[in-house]
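Keep in mind that the numbers below use all heavy atoms, side chains included, and drop hydrogens, waters and symmetry copies. Remember, it's 1-based here, ligands and their atoms both numbered in the order they're listed.
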Amino acid sequence: MDLSLSDEQQSFRDTARAFLDKEAVPHRIQWDRDEAVDLAIVPKMAELGFFGLTIPEEYGGLGGDYVTYALAMEELGRADSALRGIVSVSSGLVGKSILFFGSEEQKQEWLPQLATASKLGCFGLTEPGTGSDAGNLTSRAVKDGDDYVLNGQKLFITNGTWADVALVFARTSDDGPRGVTAFLVPTDTPGFEAREIKGKLGLRGQATAELFLSDVRVPASAVLGEVGKGFKIAMSTLDKGRLAVAAGCVGIVQGCLETSVDYALNRTQFGKPLAGFQLVQDMIADISLDADAARLLVWRCADLVDRGEPFGTAASKAKLFASEAAVRAANNCIQVHGGAGYVDEYPGAKYLRDARVMTLYEGTSQIQKLLIGRAETGVNAFV
Ligand code: COS
């Protein structure tokens with residue numbers, strides 16, 4: 001399905017796919033079993049432009065559009081969602097926050113490094129006590145002379161143990177979401193500790209961590225944007241993050257489609273290929289429909305971003321549909337494969353385990369529904 005993609009967009013997608021088919025797909029099972037991707041792939045991905053895609057050229061990026069970004073995220077999701085997460089958190093959530101809310105000095109300092117992945121970032125919003133209710137976070141930042149001193153804990157932080165800089169959201173006053181401020185914290189600051197969380201169902205190749213902040217002292221110049229505006233930074237950045245998650249999910253669905261078709265054509269039962277059975281075609285048709293529908297929602301959202309139109313609700317719709325579709329498609333994929341689908345020699349099992357978190361992080365499916373419902377009715381169900 002190539003809906004009016006430019007030559008440059010198609011070319012980036014083709015190059016990305018060829019690269020990932022060579023450098024990631026053959027290794028993803030081992031990375032998953034080892035619970036760690038080989039980070040040697042990160043600079044190679046950066047060279048291709050994955051990290052700098054939508055960062056402007058003046059800050060060391062490619063200055064690309066969001067449709068191309070969505071294509072890149074789709075290819076990463078098709079190859080290995082663990083890699084997609086590294087990119088979309090470091091250059092997406094962290095890089096975009098700095099790009100849109102940072103001072104010129106912060107942009108000059110961090111963006112060229114994030115665009116080339118010489119440094120990685122992590123996004124410290126979620127806490128043990130606040131997941132969906134992010135505006136109630138309890139980590140604190142107290143002004144002390146020209147500095148701020150941060151204390152608190154963050155949970156389920158992608159890239160947490162790999163990151164060089166953490167975008168930490170902490171409370172500077174007791175005013176709910178309006179009392180939250182964003183800080184750029186180098187992870188080698190004394191008092192900052194990251195511990196990897198093991199035993200995840202999926203995304204096992206990706207470092208997910210718990211962060212501990214004990215009297216972490218940063219200068220006032222570490223504040224990103226304005227004091228008390230951190231929640232807005234988090235929310236508007238997550239709108240774009242949801243687009244990236246949704247695009248990655250399209251890649252999962254696409255991967256499920258390709259492997260299911262391949263298996264159905266080559267596996268023979270009752271004297272004919274599985275593809276000749278109507279009930280197998282039924283499952284493949286469902287995966288194909290999910291791929292098209294999810295991709296169209298993603299491209300619509302990316303196009304809105306590129307045209308400077310409001311896109312928050314479109315991002316929620318794309319994320320809601322694509323993440324649920326990814327789980328559905330992975331289940332269908334395993335069903336097409338029968339017993340073979342249950343072992344990781346075939347990609348369906350990993351697609352399912354990786355897809356499962358997509359309906360949870362960056363806003364659960366229920367949060368997306370309430371955001372869509374709020375946009376449609378004007379009634380806020382969160383109060
Ligand atoms: N862009 C910019 N500003 C936004 C925004 C957005 N998308 N969404 C909310 N805001 C602003 C509001 O305009 C409001 O500003 P004012 O103080 O000027 O009125 C402020 O932020 C508070 O907004 P709201 O009242 O909606 O806050 P809530 O606490 O009700 O937020 C939800 C509710 C559920 C929407 C929010 O907490 C949320 O998205 N939760 C999910 C968190 C999440 O995705 N976690 C995953 C973390 S990364 S794995």
For this session: Would you mind listing which atoms of ligand 1 come within a distance below 4.0 Å of any non-hydrogen atom of L238?
Result: 43 (C), 44 (O), 48 (S)
Problem set entry | Ring-face cation of K96 near Y69 (centre distance under 6.0 Å, axis angle within 45°) | yes
Exercise. Can an N or O of G363 be found at a distance shorter than 3.5 Å from an N or O of ligand 1?
Worked result: yes
Exercise. Atoms of ligand 1 less than 4.0 Å from R374 heavy atoms?
Worked result: 26 (O)
Seminar exercise, completed: Restricting to heavy atoms, the pick from P310, S236, A234 nearest atom 1 (N) of ligand 1 would be S236
Exercise. Quick one: are V87 and R84 in side-chain contact, heavy atoms under 4.5 Å?
Worked result: no
For this session: Around atom 4 (C) of ligand 1, find the nearest protein heavy atom and jot down its residue, atom name and distance.
Result: M235 CB, 3.8 Å
Problem set entry | E127 contact mode with ligand 1 (heavy-atom cut-off under 4.0 Å) | neither
For this session: Check R171, Q153, E127 against S139 for a side-chain hydrogen bond (donor to acceptor under 3.5 Å, both in side chains) and give me the one that passes.
Result: E127
Exercise. Is S132 near ligand 1, meaning one of its heavy atoms is under 4.0 Å from it?
Worked result: yes
Exercise. Given side chains that start at C-beta, do those of P273 and L265 come closer than 4.5 Å, heavy atoms only?
Worked result: no
Exercise. What's the shortest distance from atom 49 (S) of ligand 1 to any protein heavy atom, and which residue and atom give it?
Worked result: E362 N, 3.3 Å
For this session: Specify whether Y263 and Y346 have parallel, tilted or perpendicular ring planes, treating 30° as the upper limit for parallel and 60° as the lower limit for perpendicular.
Result: perpendicular
Seminar exercise, completed: For D239, the atoms of ligand 1 under 4.0 Å from one of its heavy atoms are 6 (C), 7 (N)
Seminar exercise, completed: Of all protein heavy atoms, the one nearest atom 20 (C) of ligand 1 is F231 CD2, 4.0 Å
Exercise. With no hydrogens and no angle check, do the side chains of T237 and S97 hold a donor and an acceptor under 3.5 Å apart?
Worked result: yes
Problem set entry | Verify atom 12 (C) of ligand 1: protein non-hydrogen atom under 4.0 angstrom away | no
Exercise. Below 3.5 angstrom, do we get any N/O pair linking T126 and ligand 1?
Worked result: no
Problem set entry | Top protein contact for atom 30 (O) of ligand 1, by heavy-atom distance | F382 CB, 3.8 Å
Exercise. For ligand 1, which atoms, with element, lie under 4.0 Å from some heavy atom of K232?
Worked result: 2 (C), 3 (N), 11 (C), 15 (O), 16 (P), 18 (O), 21 (O)
Exercise. Are the aromatic rings of Y361 and F156 close, with centres under 6.0 Å apart?
Worked result: no
For this session: Kindly determine whether E362 and R242 satisfy salt bridge (Lys or Arg N to Asp or Glu O under 4.0 Å), including the steps that lead there.
Result: CA-CA 6 Å; E362 300 209 20; R242 287 164 187 165; 5.7 Å; no
Problem set entry | ligand 1 atoms in contact with L371 (distance to a heavy atom under 4.0 Å) | 35 (C)
Problem set entry | Passing candidate, salt bridge (Lys or Arg N to Asp or Glu O under 4.0 Å) with D344, options K350, R28, R204, R33 | R33
For this session: Would you indicate whether the side-chain heavy atoms of L213 and N151 approach each other to under 4.5 Å?
Result: no
Seminar exercise, completed: Per-atom filter on ligand 1: closer than 4.0 angstrom to a heavy atom of R178 are 16 (P), 17 (O), 19 (O)
